[in-house]
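Protein chains get the first letters and strands the later ones, always in sequence-line order, with residue 1 at the start of each. This is a predicted model, so every value here is computed, not measured.
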Amino acid sequence: MSSIIKAFKANVRQYGMLIALIVIMLFFEIITQGILLKPLNITNLVLQNSYILIMAIGMLLVIVAGHIDLSVGSICAFIGSTAAVMMVQYHVNAAVTVIACLILGALIGAWQGFWVAYIKIPSFIVTLAGMLVFRGLTLVMLQGLSVGPFPKEFQMISSGFIPDFLGNGEFHLTTMLIAVLFLAAVIFFDIRARRKRIEYGFDVPPFGVFLLRNAGICAAVLFICWLLASYKGLPNVLIILFALTVIYAFITTQTVTGRRIYALGGNEKAAKLSGVKTKRLVLLTFANLGLLSALAGLVFAARLNVATPKAGTGFELDVIAACFIGGASATGGVGTVIGAIIGALVMGVMNNGMSIMGIGIDWQQAIKGMVLLLAVFFDVYNKSKN
Amino acid sequence: MSDVILSMRGITKTFPGVKALDNVNFDVRQGEIHALVGENGAGKSTLMKVLSGIYPHGDYEGQIIYQGKECRFREIADSEKAGIVIIHQELALIPFLSIAENIFLGNERHSFGVIDWGKTRAEAQKLLETVGLSESPNTLVTDIGVGKQQLVEIAKALSKEVQLLILDEPTATLNENDSDKLLKLLLRFKEQGISSILISHKLNEVERVADSITILRDGKTIETLDCTTGEINEDQIIRGMVGRDLTNRFPRRGAKIGEVILEVRDWTVRHPLHENRTVVDKANLTLRRGEVLGIAGLMGSGRTELAMSLFGQSYGRDITGQAFIRGAQADLSTVNKAIDAGLAYVTEDRKTYGLVLDEDVKNNITLVNLEEVSNSHIIDQNKEIHLANEYRGKFNIKCSNILQKTVNLSGGNQQKVVLSKWLFAGPDILILDEPTRGIDVGAKYEIYVIINKLAEEGKGVIVISSELPEILGLCDRIYVMSEGKVAGELNAAEASQEKIMRYIL
């Protein structure tokens, strides 16, 4: 038991934000008398925040590399309007439109990355310019109007749910099946990793901790999926989001490129002298964020079923806040994908919970601002204590 | 002595683990130029920082008596109020402000907080005439050369009604003409009764202007020479600077020297910002397998610049010259090509250029050669941990485990991490730039052992160092650099500190 407590204490910083997220959820669950965790509301929560979450993943890489991107909201709007014009006015096929838009997003990101990495203009300025440019181009594209609605298959990106092969229409059994399969994979890989470590003769966390952690993951996943299954099942966008989280968590923690991004953000000069191609890497992180912003723009447009000139206004602030709440460092080199996801969820749950409580948008903003400041304060405080 | 303006008595200053100053006594007479000499790290700058209040009273032991009163400066403003002004080696001017604004920075000519521009310009003009600088007070500091910037610093000091002027290596970055002007200015100040303390490595300058010379070595006063009464020669000063016990500080090594592994011909590098300054001038060198080659010289003599420009053109512009590795001409135009060619450069500034401080020991060690621990781009964490632990054991890196952040390690252990990192890249040629700077004696010895082992394994090792005993104790052959040129070459058998010093100065 004492070893479990010890392991918990060592990881309290790592899990601090997760615990905070759970506490915040419980708080709103109680204060809203159970509305927060209603199946319908959970589904809404996912849909409402999906685009912020998608961009937070990309933003995290940019922040870890030591930069910032203020233009993501405008890129969202620009891509949404491009997609709308292509599909509604020129009747381009939805699949072709999506692919073209994603490529366009990556090019926009690469363009900004080029100015930052090769011309050495601070990212704050480059992307501030981008924020204005792409907002302006959105207005040009839409000529100040809202363009919609979209073809059915495009709307499915956001409003669709995975089909249920097994269920009876009441309870979405396929969702539960996917959850179980997923958990089996998680446990399989965890056991394998643990075996490998033991083979190498490394210390592993006590078996009790191992068991407890996996049990915790299982309980959380099953619970959320059960809630979703009692409504309409897994939303398509959650599948996308989930795949992105896994892929990017893997890239940042397990690959050579990921490691080099952290080194670049931690100490650019040392990374350069170690043979890291720093310029190319910076360009890559921006191109990647451009791609993910484009995806977020498509998801957002599909959800509203219309492209508007005002779409995505202020998204950049929520996205950046999510990364910092999730433990990223403003000076670069520190941060995790999971942290950014949790940060975005903290913001999302607070938005949702306060809306249910009937708190006005004015107070919501003020409270969210304070939460951002407090979260970063705890991080700084924790660091200075060590 | 009634004409003593400053008397520092029994000054002792300790940093964690190091005694930087040990019971130092230092007297300056009214209206003299007093030179303070000693090797890098002898404590000259520390002593001046104590005097000017950068290290506040209470931070050191001993007494400062200035103009007959004991002074307890708490900050630099206190010493300036008393008329003591220090001009640092790295100039403290704001580049995008004008000369006049810089002169009166922190000491503005104003009434009720509103700057009186007329008075500012007029007074600046007068001060510039005094120091002999013919530039408009409105010129931006960034637009004038280093020599003129030095004069602006002095004008700034004069504006504070300076009684005692401290110059820390003022001529290190100046050409001969500007140096000459500066020294003449000091002599003129002397006539006006202003005392100066001159820290300098250039003994010919010291001989020319100094009235007294105080020699520091290892934080202690060795002697004070009076130049007005007797003849002083350079040998006497050099002996005082370097004379110390050299037994058993360096591990023995049987040198097995093989074929030439690196040859550099006519290597020329210009300053990255000042196009017209040549920092490395037609340098030639050869390095053999199994050899430890020393490069001696002062800071700014082009040692680091030579090394970094060789290593993937990490420094400088308009780099010309040829490098041959194992007899074939090598393309060293990027860091990656240099690494592939078998080169490794261990920086003198490990915190800025060597380590990612926020990352752990393991990640720092594997950074240069992640391919070694990864399969098709995916890092094998277990293999990585295993290898990092191997290096930790081999080099005796003291850390709680390899997942400890490098920022929390001591200087010596940080240096071992940097060395591990480069050895993990598997180089044939290692350039170690000040490999023992700022680390304690025990760790130094461990680093020397590593260097010897690398040479025994048949690698070529270049050691750049400001510490002459280290160069002499480690190296088989020594190049001495001075003002960008390779000024001399010495074999270990014939080399001595005096001989190296001769080439340096």
Side-chain angles (χ1 to χ4, degrees), chain A residues 10-11 13-14 64-66 189 192-204 247 249-281 327-336 379 383-386, chain B residues 308 311-312 314-315 334-340 343-347 349-360 362-387 389 401-408 418 421-422 424-425 433:
Chain A
N11 289 319
R13 211 174 103 70
Q14 194 187 338
V64 165
F189 281 113
R192 206 178 69 157
R194 188 180 166 87
R195 275 227 193 101
K196 265 244 170 102
R197 287 181 66 88
I198 293 171
E199 230 170 81
Y200 266 92
F202 299 151
D203 287 343
V204 286
I247 291 169
F250 182 78
I251 289 176
T252 49
T253 58
Q254 310 287 326
T255 68
V256 171
T257 306
R259 180 69 62 77
R260 287 185 176 155
I261 293 174
Y262 281 87
L264 156 72
N267 186 343
E268 190 186 347
K269 288 172 181 163
K272 212 170 167 181
L273 270 183
S274 303
V276 175
K277 291 175 179 137
T278 52
K279 290 177 183 169
R280 193 188 293 179
L281 213 48
S329 152
T331 50
V334 179
T336 60
D379 221 31
K383 254 185 214 160
S384 69
K385 223 172 49 176
N386 289 342
Chain B
M308 283 185 79
F311 189 67
S314 306
Y315 174 91
T334 70
V335 171
N336 285 300
K337 284 178 184 166
I339 293 173
D340 290 342
L343 229 62
Y345 169 68
V346 178
T347 166
D349 186 349
R350 55 182 167 264
K351 287 191 175 155
T352 311
Y353 290 103
L355 292 171
V356 183
L357 290 169
D358 254 340
E359 297 247 19
D360 58 37
K362 165 180 76 86
N363 287 6
N364 272 289
I365 290 179
T366 56
L367 181 61
V368 191
N369 196 8
L370 280 170
E371 289 76 15
E372 177 75 28
V373 290
S374 56
N375 296 317
S376 53
H377 222 63
I378 295 163
I379 296 171
D380 181 344
Q381 309 267 354
N382 292 319
K383 192 174 174 191
E384 192 186 15
I385 294 170
H386 184 73
L387 279 166
N389 267 323
N401 61 54
I402 53 162
L403 299 179
Q404 192 178 3
K405 286 186 181 180
T406 49
V407 68
N408 298 324
V418 181
K421 158 179 155 170
W422 282 108
F424 186 59
D433 198 348

Problem set entry | Stepwise side chain to side chain contact (heavy atoms under 4.5 Å, CB included) test for A:Arg259 and B:Thr366 | CA-CA 10 Å; A:Arg259 180 69 62 77; B:Thr366 56; 3.6 Å; yes
For this session: Would you mind telling me which of B:Lys337, B:Glu359, B:Lys351 has the largest number of heavy-atom pairs within less than 4.5 Å of chain A?
Result: B:Glu359
For this session: Considering non-hydrogen atoms only, spot the tightest contact between B:Asp380 and A:Tyr200 and give its length.
Result: OD2-OH, 4.4 Å
Exercise. Are A:Thr257 and B:His377 close enough that some pair of their side-chain heavy atoms sits under 4.5 Å apart?
Worked result: yes
Exercise. Once you round to the nearest 0.5 Å, how far does OG1 of B:Thr334 lie from NZ of A:Lys277?
Worked result: 7.0 Å
Problem set entry | Residue among A:Lys196, A:Gln254, A:Arg197, A:Glu268 with most heavy-atom pairs under 4.5 Å to chain B | A:Gln254
For this session: Please flag which part of B:Leu357 lies under 4.5 Å from any non-hydrogen atom of chain A: side chain, backbone, both or neither.
Result: neither
Seminar exercise, completed: Between B:Val335 and A:Leu273 the two heavy atoms that sit nearest each other are CG1-O, 3.6 Å
Problem set entry | Structural part of B:Leu355 lying under 4.5 Å from a heavy atom of chain A | backbone
For this session: Spell out, as yes or no, whether a donor-acceptor pair under 3.5 Å connects the side chain of B:Asp358 to the backbone of A:Asn267.
Result: no
Exercise. Going through the checks in order, is the salt bridge (Lys or Arg N to Asp or Glu O under 4.0 Å) test met by B:Glu371 and A:Arg260?
Worked result: CA-CA 12 Å; B:Glu371 289 76 15; A:Arg260 287 185 176 155; 3.0 Å; yes
Problem set entry | B:Lys421 versus chain A, the contacting section by heavy-atom distance below 4.5 Å | side chain
Exercise. Can you tell which of A:Ala263, A:Gly333, A:Ala193, A:Ala271 has the highest number of heavy-atom pairs within less than 4.5 Å of chain B?
Worked result: A:Ala263
For this session: Go through A:Tyr262 and B:Val356 one step at a time and tell me if the side chain to side chain contact (heavy atoms under 4.5 Å, CB included) criterion holds.
Result: CA-CA 9 Å; A:Tyr262 281 87; B:Val356 183; over 6 Å; no
Seminar exercise, completed: Okay, B:Thr352 and chain A: the region with an atom under 4.5 Å from a heavy atom over there is both
Exercise. Which heavy atom of A:Val276 sits nearest a heavy atom of B:Leu367, and at what distance?
Worked result: CG2-CD1, 4.2 Å
Seminar exercise, completed: With chain A, the option among B:Asn363, B:Val368, B:Asn401, B:Ile339 that has the most non-hydrogen atom pairs under 4.5 Å is B:Asn363
